[in-house]
Amino acid sequence: QVQLAESGGGLVQTGDSLKLSCAASQYTLNNHNMAWFRRAPGNERKFVAGLAWWTGRSAEYDHSVKGRFTIFRDDAQNLLHLEMNNLQPDDTAVYYCAAGRLGPIETADSAYNYWGQGTQVTVSS
């Protein structure tokens with residue numbers, strides 16, 4: 001059974017940094033594509049960043065975060081992280097960790113069938 005749990009959200013100011021973490025059940029990280037999504041108030045859940053099941057594949061990022069956010073994993077601790085730098089008010093959202101089918105990274109949330117509960121990130125201006 002795949003289980004995911006996010007942590008690390010909080011209230012920050014514009015330009016600050018945060019690192020989100022996703023605790024994954026054993027075997028999840030190397031048997032699924034992994035991704036971060038976010039849902040801003042009044043909006044749909046949107047892709048933020050993803051890692052393919054194969055470690056040799058490069059990460060994918062939404063254009064709105066590319067160059068500011070970095071997705072990476074810690075296999076020893078079964079953790080998926082999202083390092084967020086230079087945060088902006090538009091980054092305010094609930095951030096979700098997701099696991100999906102093996103293959104090239106997909107940006108549609110329908111490609112992911114396991115989700116965490118989410119962690120709130122609020123960026124004040």
Q: Which heavy atom of Ala111 sits nearest a heavy atom of Glu106, and at what distance?
A: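 In this case the closest contact between Ala111 and Glu106 is CB-CB, 3.4 Å.
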
Q: Classify the ring geometry between Tyr95 and Phe69 as parallel (under 30°), tilted (30 to 60°) or perpendicular (over 60°).
A: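 Tilted, since the angle between the ring planes falls between 30° and 60°.
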
Q: Is a side-chain donor or acceptor of Asn86 paired with a backbone partner of Asp16 at a separation under 3.5 angstrom?
A: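 No; judged by distance alone, with no hydrogens or angles, the pair does not exist.
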
Q: Is a side-chain N or O of Glu60 found less than 3.5 angstrom from the main chain of Leu51, in a donor-acceptor match?
A: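 Looks like no, no N/O pair under 3.5 Å.
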
Q: Please determine whether the number of non-hydrogen atoms from other residues, nucleotides or ligands lying under 6.0 Å from atom CD of Gln120 exceeds 12.
A: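 Yes, because the 6.0 Å sphere around CD of Gln120 holds more than 12 heavy atoms from other groups.
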
Q: Flag this pair as yes if the NZ/CZ of Arg38 is under 6.0 angstrom from the six-membered ring centre of Tyr96 and inside a 45 degree cone about the axis; otherwise no.
A: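 So Arg38 doesn't make the cation-pi contact.
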
Q: Drop me the distance from Ser7's OG to Leu20's CG, to the nearest 0.5 angstrom.
A: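 One finds 8.0 Å between OG of Ser7 and CG of Leu20.
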
Q: Rounded to the nearest 0.5 Å, what separation is found between the OG1 atom of Thr92 and the CG atom of Leu11?
A: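 Result: 8.5 Å between the selected atoms.
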
Q: Do Gln1 and Ser25 come within less than 4.5 Å of each other through their side chains, counting heavy atoms only?
A: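 The answer is no; the side chains never approach within 4.5 Å.
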
Q: Are the side chains of Lys46 and Val48 in contact, using a 4.5 Å heavy-atom criterion?
A: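 No - every pair of side-chain heavy atoms lies 4.5 Å or more apart.
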
Q: Indicate if Val2 and Ile71 have the same hydrophobic cluster label, given that clusters are the connected sets of ILVMFWY residues with side-chain heavy-atom separations under 4.5 angstrom.
A: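 Shared cluster, yes.
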
Q: Between Arg68 and Gln88, is there a side-chain heavy-atom distance shorter than 4.5 Å?
A: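 Touching, per the 4.5 Å side-chain cut-off.
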
Q: Please name the pair of heavy atoms, one in Ala52 and one in Gly103, separated by the smallest distance, quoted to 0.1 Å.
A: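 Looking at all heavy atoms of both residues, the closest pair is CB-O, 4.0 Å.
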
Q: Would you say that Leu4 contacts His32 through its side chain, given a criterion of any heavy-atom pair below 4.5 Å between the two side chains?
A: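 Answer no - side chains too far apart.
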
Q: Report the C-alpha separation of Phe37 and Tyr112 in whole Å, then their side-chain angles, then the decisive distance to 0.1 Å, and conclude whether the ring-ring contact (aromatic ring centres under 6.0 Å, His included) test is met.
A: CA-CA 10 Å; Phe37 284 75; Tyr112 301 86; 5.2 Å; yes

Q: Which distance, rounded to the nearest 0.5 Å, do you find between the CG of Leu79 and the OG of Ser21?
A: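 The distance works out to 6.0 Å.
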
Q: Would a hydrophobic clustering, with Ile, Leu, Val, Met, Phe, Trp and Tyr connected at side-chain separations under 4.5 Å, put Tyr114 with Leu80?
A: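 Yes, it is one cluster - the side chains of Tyr114 and Leu80 are joined through contacts under 4.5 Å.
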
Q: Any side-chain to backbone donor/acceptor pair from Thr14 onto Ser124? Under 3.5 Å, distance only.
A: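 Yes, the answer is positive, given that a donor and an acceptor are paired below the 3.5 Å cut-off.
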
Q: Do Cys97 and Trp115 touch side chain to side chain, with heavy atoms closer than 4.5 Å?
A: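 Side-chain contact under 4.5 Å: no.
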
Q: Give a yes or no on whether the backbone of Tyr27 and the side-chain of Asn30 come within a donor-acceptor separation of less than 3.5 Å.
A: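 Side chain of Asn30 to backbone of Tyr27: no pair is present.
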
Q: Heavy atoms, side chains only, cut-off 4.5 Å: are Asn33 and Arg101 in contact?
A: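 SC-SC contact between Asn33 and Arg101 ruled out.
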
Q: In Å and rounded to the nearest 0.5 Å, what is the NZ to NE2 distance from Lys19 to His81?
A: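 Going from the NZ atom of Lys19 to the NE2 atom of His81 covers 4.5 Å.
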
Q: Within the 4.5 Å heavy-atom criterion, are Asn78 and Thr28 side-chain neighbours or not?
A: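 Sidechains of Thr28 and Asn78: no contact.
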
Q: Would you check, one step at a time, whether the test side-chain contact (heavy atoms from CB on, under 4.5 Å) holds for Leu18 with Val121?
A: CA-CA 9 Å; Leu18 277 175; Val121 173; 4.0 Å; yes

Q: Can you measure from CG (Leu82) to SG (Cys22) and round to the nearest 0.5 angstrom?
A: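 The distance works out to 10.5 Å.
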
Q: Can you tell me how far CG of Asp74 sits from CG of Leu29, rounded to the nearest 0.5 angstrom?
A: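 Taking CG in Leu29 and CG in Asp74, the distance rounds to 8.5 Å.
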
